Amino acid sequence: MIVTTGQLFKHAYGKYAVGAYNINNAEQAMGLFKGCIASQAPFIIQISKGARKYTDKRMLEAIIRAAGEIFPDAIYAVHLDHGDEATCYDCIDSGFFSSVMIDASHEPYEQNIAITKRVTDRAHAKGISVEAELGMLGGVEEDIKVEEGNACLTDPAQAEDFVKKSGCDSLACAIGTSHGAFKFKGRQSLHFEVLEKIKARLPNFPLVMHGSSSVPQDEVARINAAGGKIAGSMGVDVNEYLPAAKLGVTKINIDTDGRLVWTRVHREFFRDHPGDFDFRPPGKIFIDEYAKFIASRNVLLGSANQLADVRKSLGK
Ligand code: G3H
Ligand code: 13P
Ligand code: ZN
């Protein structure tokens, strides 16, 4: 059942975070649904602009529709990740997305408010939730690359003003993370002090954490042992997910970790079966490994075993 992120956040707020996982193909969709049903968790399917372009935007929608039929008990939102204004309108008009992210965080502050407000007005007219972003994460967001030095943490006073003026339903805050596999130079913690200040100014308002992959070092070691060259990677400490959730983070975005699972499975498979060229055996292994990974993340986020209660809260 497709619901809005707003509906999921109402149940999760202050208790746990809902996992938001990016998908690009059928194998990821199968693993995601399987893992969320196995762990009895609500979830958010994220589709980036790049994912919509990868095959055809209609293909991903059809895959998700089919997965919804295969797993009728699943409860999830379908969300556009890092949308620009035109893509947000396309998704709002698609009749399929229940949530969009307008990312105008690279624009001057007043512009970010104006763009977010326009998108919010159009989305709300159709009952769709809107996530916006304030502050800038380091790393690469599709066509936008933010150099480390230019990344800046969200200003709590500005966050309060932004939410009031833009009308958005949730806010992605920069609290020290960045996208991709190389987040930190050394071990670093999330900026909980910034989260606390934002929560004080925006009580009960859902916050979002991008760049939340943990970049498991055992996964990276296996990739490198099978011919990969991913050196110096570092991710978010998984033990910081729940403390962040208690401070109002209701959505935690994880994409890179799923790509690492894919890379490990395929590198090891073809290293161990150099004569094979059928992609289905490693594809099947990936689906099961990704499902296991998703279930393990849902436990850490606190969303595991919430499904029955979420259903009840929706009156279904
Ligand atoms: O924030 C970026 C997400 O990980 C999506 O990545 O734009 O390469 O699909 P992508
Ligand atoms: P990671 O690169 O840490 O997985 O972050 C994904 C993300 O924020 C998608 O919007
Ligand atoms: Zn992101």
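Remember, it's a predicted structure, so these values are computed and weren't measured experimentally.
- Note that NE2 of His82 and CD1 of Ile102 are 11.5 Å apart. Values are rounded to the nearest 0.5 Å.
- What you find for Ser189 and Glu240 is that their closest heavy atoms are OG-OE2, 2.9 Å.
- For the residue pair Tyr21 and Asn298, a side-chain donor N or O sits within less than 3.5 Å of a side-chain acceptor on the partner.
- Separation of the His266 and Phe279 ring centroids does not fall under the 6.0 Å cut-off.
- Side-chain atoms of Val208 and Met101, non-hydrogen and from C-beta on, never get closer than 4.5 Å to each other.
- Residue Ile47 forms a side-chain contact (heavy atoms from CB on, under 4.5 Å) with just one option from Leu80, Asp81, Val78, and that option is Val78.
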Donor-acceptor list for residues 59-76 side chains, cut-off 3.5 Å, not counting sequence neighbours:
none

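- Separation of atoms CD1 (Ile128) and OG1 (Thr120) is listed at 11.5 Å; rounding is to 0.5 Å.
- Atom-to-atom distance recorded for Ser166:OG and Asn112:CG is 8.0 Å, nearest 0.5 angstrom.
- Annotation: the span from Leu300 atom CG to Ser214 atom OG amounts to 8.0 Å, rounded to 0.5 Å.
- Side-chain contact annotation: Ser99 with Glu131, donor-acceptor N/O pair under 3.5 Å absent.
- For the residue pair Asp255/His179, the side-chain donor-acceptor check at 3.5 Å is not satisfied.
- Using a 4.5 Å cut-off on side-chain heavy atoms (C-beta onward), Phe33 and Ile45 make contact.
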Distance-only criterion, 3.5 Å: show the donor-acceptor pairs between side-chain atoms of residues 195-205 and protein atoms not counting sequence neighbours.
from	atom 1	to	atom 2	distance (Å)
Arg201	NH1	Glu160	OE1	2.8

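- Here Ala77 pairs with Thr5, Leu8, Ile44, Ser98 under the side chain to side chain contact (heavy atoms under 4.5 Å, CB included) rule; sequence neighbours left out.
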